[in-house]
**Q** 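Please read through the structure below; I'll follow up with questions.
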Amino acid sequence: MANPNLLVGYDTSDDACVYRITDSIAAIHTVDFFTPIVDDPYLFGQIAAANALSDVYAMGGQPAVAMNLLCVPNCLSMETIRKILQGGHDKAVEAGCAIAGGHTIQDPEPKYGMCVTGYVHPDKILRNVGARPGDVLVLTKPVGTGILTTGAKADMTAKEDYDAMTASMAALNRTAGLLIQECSHVHACTDVTGFGLLGHAYEMASGSDVTICLHSADIPLLHGARELAEMGIIPAGAYRNMDYVKPHLKVEPSVLQVFVDLMADPQTSGGLLAALPFDEAQTLIRNLHQVSQTGEIIGEVVAKQDHSVIIN
């Protein structure tokens with residue numbers, strides 16, 4: 001028998017589970033960790049923490065407490081481990097989230113992340129389903145982290161582009177999340193991570209029984225990502241994402257392949273993707289820009305068609 005207090009489970013591939021504590025409090029639980037995406041251990045800790053905390057913001061909540069998850073090889077120095085944990089700690093402090101311990105194991109490859117608990121009112125939960133025809137889609141961070149990190153492995157990413165990319169990944173979705181929560185009619189919200197913009201848009205469309213149209217010319221891109229993509233610097237994860245969505249995807253003939261590749265690019269600690277009415281989206285974007293945050297309308301929601309996602 002289903003537990004009536006489990007408000008959000010795994011049935012729609014949502015960002016976190018939500019469990020009702022009282023009539024006015026629900027707990028958001030999420031966990032995320034991964035291998036180093038940058039060489040600097042402190043920055044790695046920051047990015048991994050921002051990525052884990054993001055799920056709480058995507059659900060309309062505020063993170064409260066977290067536990068560290070750390071896998072370390074024997075060859076990793078204590079100073080490196082300390083820097084990873086310090087990066088995570090500092091990012092949690094920025095989020096107003098307490099770290100209350102964690103668990104460490106030996107592993108041939110280092111991994112770090114967090115198990116996070118946040119809180120939200122049961123009536124104000126944001127889910128990755130519920131988008132309605134007539135909504136538009138707002139994205140709060142540029143895409144291209146997978147392509148730029150792939151380029152960096154071959155020393156093909158310019159330093160200024162690399163620095164901008166890491167700053168984007170380490171940035172919390174806290175401000176964007178709070179501004180989205182101020183909107184009265186957000187019908188769906190998720191964060192853009194490993195499935196890429198394309199994969200997360202498909203999950204939103206499929207779960208909402210609608211079709212999402214993505215405007216290729218309006219997708220905000222990290223500087224340098226398009227140039228690398230045009231050179232064929234595409235991570236393997238982008239091809240897996242494309243294989244996942246392709247049976248449900250229509251790409252208009254006028255769309256350049258590079259934009260499809262960028263939308264399929266797996267993101268680390270990407271932005272929030274929200275579906276809401278146009279007028280509220282305009283206000284949200286204005287508020288985001290006033291605090292120097294990215295905010296762009298990148299698509300629209302229409303009645304269900306033959307394909308779940310259309311790129312035009």
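Residue numbers count from 1 along this sequence. These figures come from a predicted structure and were not determined experimentally.
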**Q** Classify the ring geometry of Tyr202 against His248: parallel below 30°, tilted from 30° to 60°, perpendicular beyond 60°.
**A** parallel
**Q** Taking Thr35's backbone N and O only, do any of them form a donor-acceptor pair with Glu109's side chain (distance below 3.5 Å, no angle check)?
**A** no
**Q** Does the Lys124 side chain pair with the main chain of Gln181, one donor and one acceptor, at a distance under 3.5 Å?
**A**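 Checked: no pair found.
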**Q** Are Gln106 and Asn74 linked by a side-chain donor-acceptor pair shorter than 3.5 Å?
**A**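 Short answer, yes.
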**Q** Spell out, as yes or no, whether a donor-acceptor pair under 3.5 Å connects the side chain of Asp265 to the backbone of Ile147.
**A** yes
**Q** Could you check if a side-chain atom of Thr294 sits within less than 4.5 angstrom of a side-chain atom of Thr140, using non-hydrogen atoms only?
**A** no
**Q** Could you tell me whether a side-chain N or O of Lys91 sits under 3.5 Å from a main-chain N or O of Ala170, the two making a donor and an acceptor?
**A** yes
**Q** Side chains of Thr117 and His29: do they bring a donor and an acceptor to under 3.5 Å?
**A**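 Judged by distance alone, the side chains do pair up.
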**Q** Is there a donor-acceptor pair closer than 3.5 Å between any side-chain N or O of His289 and the backbone N or O of Gly295?
**A**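 Yes; judged by distance alone, with no hydrogens or angles, the pair exists.
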**Q** So for atom CG, which belongs to Asp39, do other residues, nucleotides or ligands contribute more than 12 heavy atoms lying within a distance under 6.0 Å?
**A**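 Check fails, neighbour count at 12 or below.
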**Q** May I ask you to check whether over 12 heavy atoms, not counting those of Asp306, lie within 6.0 Å of atom CG?
**A**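 Counting neighbours around CG of Asp306, 12 or fewer heavy atoms of other residues, nucleotides or ligands fall under 6.0 Å, so no.
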**Q** For Phe33, I'd like to know if atom CZ has over 12 heavy atoms of other residues, nucleotides or ligands within 6.0 Å.
**A**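 No, the 6.0 Å shell around CZ holds no more than 12 heavy atoms from other groups.
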**Q** Might you confirm whether atom NZ of Lys250 has over 12 heavy atoms from other residues, nucleotides or ligands at distances under 6.0 Å?
**A**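 Not more than 12 within 6.0 Å, no.
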**Q** Do the ring planes of Phe195 and Tyr244 sit parallel (below 30°), tilted (30 to 60°) or perpendicular (above 60°)?
**A** parallel
**Q** Do Thr211 and His307 have a side chain donor and acceptor closer than 3.5 Å?
**A** no
**Q** Between Glu280 and Ser184, is there a donor-acceptor pair closer than 3.5 Å when you use the side chain of the first and the backbone of the second?
**A**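 It does hold such a pair.
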**Q** So Glu300 and His215, side-chain contact (heavy atoms from CB on, under 4.5 Å) or not? Walk me through it.
**A** CA-CA 8 Å; Glu300 60 194 11; His215 307 322; 4.1 Å; yes
**Q** Look at the side chain of Arg174 and the backbone N and O of Leu53, then say whether any donor-acceptor pair between them is shorter than 3.5 Å.
**A**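 Absent.
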